[in-house]
Each structure stands twice: as C-alpha cells, then as structure tokens.
Amino acid sequence: MIELTNIDIVFQQKKEKIDAVKNVSLTIDKKDVYGIVGYSGAGKSSLVRVINYLQKPTNGTVVINGVDLGQLTAKELRRERKKIGMIFQHFNLMNARTIFDNVDFSLKYSGKSKKERTEKVNQLLELVGLSDKKAAYPSQLSGGQKQRVAIARALANDPEILLCDEATSALDPKTTIQILNLLRKLNQELDLTIVLITHEMQVVKEICNKVAVMESGQIIEKGASISIFSNPQEELTKDFIRTATHVDQTLETILSHPTLAELDSNELLVEFSYVGEQTSEPLISKLYSQYQVTTNILYGNVEIIQNTPIGSLIVILKGEAHQRKKALDYLHSQQVKTNIIKRNEPTEIIHLVGGKNNGSIY
Ligand SMILES: Nc1ncnc2c1ncn2[C@@H]1O[C@H](COP(=O)(O)OP(=O)(O)OP(=O)(O)O)[C@@H](O)[C@H]1O
Ligand SMILES: [Mg+2]
C-alpha cells in the first residue's frame with residue numbers, strides 16, 4: 001500500500017517559488033492500477049516521483065507498506081527503491097548496449113550470479129514478448145518494443161510497484177493498447193501495483209480501476225474509475241471524459257449539420273447516459289407506449305469500464321411538452337441521466353459542448 005499524506009512540493013527557481021504539488025493525500029492499495037490524469041504542468045510527475053523518493057517532498061509523508069521513506073538512511077532507501085520500478089515516455093534505454101545488457105544492467109547490484117542473471121533476463125524478455133531481440137540494439141526496435149525492454153528492466157528486481165510516467169504517450173494507438181494489455185497482465189499475474197500518469201482518459205478507461213484528476217498541483221477529484229466516468233463532478237474531469245468518449249466531436253458534428261440540428265417545435269435534442277447492463281431499447285419503447293414520445297437515435301455508444309457498460313445516446317425526442325416532461329421524469333426514475341443539448345423554444349443552444357448544464361432539467 002502507498003500512503004501519501006499532505007504532500008507539498010515546492011521548487012525554488014532563482015527568485016521564483018513554484019508550488020508544484022499542494023497538500024495532496026492519496027492512498028493506493030496493493031494491486032490497484034491507479035491513473036493520475038491532468039494537463040501539462042499539473043504536478044503529476046512531481047507527485048509520482050515522491051513515491052520512490054526521486055523527489056523528496058517539501059512537506060508530508062510517503063509511507064510504502066508501512067515504511068516511512070523520509071525516516072530511512074540512504075542505504076535503506078536504496079533497498080526500498082528496488083521494490084519500485086519506473087518507466088518513462090522516452091524509454092531511457094542505453095543505446096550502445098544490447099537489449100539483453102540493458103535489462104541485465106539492472107541486476108548489477110542484485111547479488112545474483114552470472115548464471116542466475118542470465119536466467120532472469122531471459123525470463124523477463126520472455127515475459128514481455130521479446131525473447132528474439134536479445135542481441136538487438138535499441139535503435140533496431142520499434143517504440144512499443146523499446147517500451148517492453150524498459151518494462152523488463154523495471155521488473156528486474158521483482159518490484160511490487162511500477163510507476164509509469166506517460167509510458168504510452170509516444171506510441172500510436174494500437175501499440176498503446178498492446179503495452180496497456182501487457183501492464184494489465186503484469187498487474188494480474190505478478191500482483192503488481194501500478195501508478196500510471198497520463199493525459200488521456202482513454203488510457204484510464206482501458207486499465208485503471210481508480211483515478212485521480214490533478215489540476216494546479218492539487219487532486220480535484222478521485223475515486224473508482226467507474227464512478228468517475230459515470231458521474232464526474234468537476235468540469236475538468238468532464239472535459240477529459242468527453243474527449244475520451246468522442247461525445248464532444250459527435251455533438252459538434254450534429255450541431256453543425258443543418259438537417260440534424262434543426263428541430264420542430266415539439267422536439268428536443270437530448271443526451272442520455274446510463275450505467276450498467278440496462279439497455280435502452282425497452283426504455284425507448286416505453287417512452288412511446290406510455291407517453292407517445294418518439295425517440296430518434298442520432299448516436300449511440302457504449303464504453304466498458306472495469307467490466308461495466310456506460311452507455312450514451314444522443315437522440316431527438318418528439319412529443320407534447322407535458323408528455324416529454326413525464327418521459328424524462330420516467331428516465332430519471334430509471335437512473336438514466338439526461339442532458340438537453342438543444343430545444344426549439346426558444347431557438348438557442350442551451351448546452352454548449354463541454355458546458356456546465358448537468359442535465360437535471362427537462
Ligand atoms: N525540477 C524542477 N525545478 C523547477 N520547477 C519544476 C521542476 N520540476 C517541475 N517543475 C514545475 O512544477 C510544475 C509541475 O511539473 P510536473 O512536471 O510535475 O507536471 P506534469 O503534470 O508532470 O506535466 P507534464 O504533463 O508536462 O509532464 C510545473 O510548473 C513545472 O514547471
Ligand atoms: Mg510529467
């Protein structure tokens with residue numbers, strides 16, 4: 001377990017004081033894949049670097065499995081650090097050495113014999129799917145392969161924790177998924193705790209069971225990924241999610257399309273969102289049979305977060321105003337959230353993309 005308590009990180013640059021991290025407390029349980037999301041400069045790297053004390057906090061404590069890193073001697077700290085591996089965006093491999101040697105280098109101070117080390121390196125390269133690249137040099141590998149080498153190297157001393165600082169940011173989407181799949185496998189098979197910094201909610205969606213959102217050195221929202229995705233509270237979190245799920249782009253397309261965006265007087269453009277197995281079909285047929293409100297689906301999407309579906313639909317609802325109200329009340333009673341994007345009366349867009357309307361109205 002990782003316990004960060006009241007962490008401040010202040011950098012002194014010439015006469016300027018930079019508060020990179022402000023009073024952050026965070027608990028990461030064993031086997032969590034914990035995402036830390038935020039825009040550039042939010043303080044993500046600074047915060048994660050205190051976990052292995054590469055960055056000493058200005059204030060606050062870092063306790064890993066009951067050990068307070070701030071209380072350790074340099075030697076004790078080196079020993080604790082071995083339990084924490086780290087990978088980076090740009091891999092940080094030694095270009096003049098083979099893949100085998102890059103991984104072997106991490107075992108230099110492990111106390112293992114040459115034979116044991118060779119066995120361990122072979123095992124690690126097998127684990128990351130690179131057994132055939134032992135003799136190659138980093139320049140001969142693709143980005144995804146380089147990151148696999150970095151992962152093998154980070155795992156050399158059997159760490160309990162792996163810190164990933166933008167580990168997939170330099171990779172294309174397909175390679176990103178492959179690396180995330182590898183991290184998931186390591187999490188499940190080796191019981192590895194993973195802390196993963198990213199600026200993409202897409203990455204969080206793929207593998208994180210928990211997520212914290214950082215802004216200006218603070219954690220503004222944190223929790224289980226499923227509850228953050230299905231019920232984000234902060235504007236920034238909503239922004240990140242909307243970008244990841246492509247709802248924003250779709251809305252823009254719809255709103256700029258003359259025939260789609262044009263509504264009759266008894267029509268509403270609405271976004272529905274719901275969590276769980278429930279499907280929209282019976283609800284939609286009920287809107288018609290009970291309230292004579294028709295639903296024209298313009299866009300539908302289901303995201304699977306931690307095995308739970310989160311659905312979102314963009315629809316045109318058509319019916320008498322009082323019936324539409326009843327229909328929306330009914331949807332709310334079924335835990336479907338609704339967000340009116342555009343109504344005909346008055347003719348204005350009341351929900352701007354990414355805006356503040358939280359959709360409890362009808
Ligand atoms: N060694 C340093 N000396 C001075 N200022 C620093 C140092 N490291 C980080 N900072 C500053 O601290 C703030 C937080 O930086 P940090 O690198 O933690 O952000 P980040 O969220 O990781 O950003 P990015 O997504 O760009 O990597 C920034 O304003 C940065 O300029
Ligand atoms: Mg960073």
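Every number for a ligand or one of its atoms is a count from 1 in the order of the listing.
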Proximal ligand 1 atoms for [X], defined as those under 4.0 Å from one of its heavy atoms:
X	result
Tyr39	21 (O)
Ala20	12 (O), 13 (C), 14 (C)
Gly43	14 (C), 16 (P), 18 (O), 19 (O), 20 (P), 21 (O)

Do NZ/NE/NH1/NH2 and the carboxylate oxygens of [X] and [Y] come within less than 4.0 Å?
X	Y	result
Glu235	Lys238	yes
Asp158	Lys120	yes
Lys318	Asp264	yes

Heteroatom distance test (Leu47, ligand 1): nitrogen or oxygen, under 3.5 angstrom: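 Not met; the criterion fails.
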Gly41 N/O under 3.5 Å from ligand 1 N/O: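 Yes; the residue has a nitrogen or oxygen that sits under 3.5 Å from a nitrogen or oxygen of the ligand.
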Residue and atom name of the nearest protein heavy atom (relative to [atom]), distance in Å to one decimal:
atom	answer
atom 26 (O) of ligand 1	Ser40 OG, 2.5 Å
atom 16 (P) of ligand 1	Ser46 OG, 3.6 Å
atom 27 (O) of ligand 1	Ser45 OG, 3.9 Å
atom 1 (N) of ligand 1	Phe11 CE2, 3.7 Å

Step-by-step salt bridge (charged side-chain N to carboxylate O under 4.0 Å, His left out) determination, Asp29 to Lys210: CA-CA 10 Å; Asp29 292 320; Lys210 294 181 193 157; 3.1 Å; yes
Whether over 12 other heavy atoms sit under 6.0 Å from Gln188 CD: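 Atom CD in Gln188 is crowded, with more than 12 foreign heavy atoms closer than 6.0 Å.
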Heavy atoms of other groups near Glu320 CD, more than 12 under 6.0 Å: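 At most 12 heavy atoms, drawn from other residues, nucleotides or ligands, come within 6.0 Å of this atom.
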Side chain to side chain donor-acceptor pair (under 3.5 Å), paired with Asn23, selected from Asn59, Asn6, Asp8: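 Testing Asn23 for a side chain to side chain donor-acceptor pair (under 3.5 Å) against Asn59, Asn6, Asp8 leaves exactly one candidate, Asn6.
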Chi angles and distances behind the side-chain hydrogen bond (donor to acceptor under 3.5 Å, both in side chains) call for Asn65, Lys30: CA-CA 9 Å; Asn65 297 331; Lys30 186 169 169 61; over 6 Å; no
4.0 Å heavy-atom contact, Gly38 with ligand 1: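 The answer is no, since Gly38 has no heavy atom less than 4.0 Å from ligand 1.
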Gln13 heavy atom under 4.0 Å from ligand 1: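 Contact check Gln13 vs ligand 1: positive.
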Worked verdict on Val315 versus Leu269 for side chain to side chain contact (heavy atoms under 4.5 Å, CB included): CA-CA 6 Å; Val315 303; Leu269 183 62; over 6 Å; no
Option set Gln12, Lys44, Glu215, criterion heavy-atom distance to atom 21 (O) of ligand 1, minimum: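 Among Gln12, Lys44, Glu215, the closest heavy atom to atom 21 (O) of ligand 1 belongs to Lys44.
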Heavy-atom pair with the smallest gap, counting every atom of Val48 and Leu163: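 Answer, listing the atom of Val48 first, then Leu163: O-CD1, 3.7 Å.
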Any protein heavy atom nearer than 4.0 Å to atom 10 (N) of ligand 1: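 Neighbour list for atom 10 (N) of ligand 1 includes protein heavy atoms (cut-off 4.0 Å).
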Heavy-atom protein contact below 4.0 Å for atom 30 (C) of ligand 1: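 So far as the 4.0 Å threshold goes, atom 30 (C) of ligand 1 is out of reach of every protein heavy atom.
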The Mg ion (ligand 2) to nearest N/O/S of Ser45 below 2.8 Å: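 An N, O or S atom of Ser45 is closer than 2.8 Å to the Mg ion (ligand 2), so yes.
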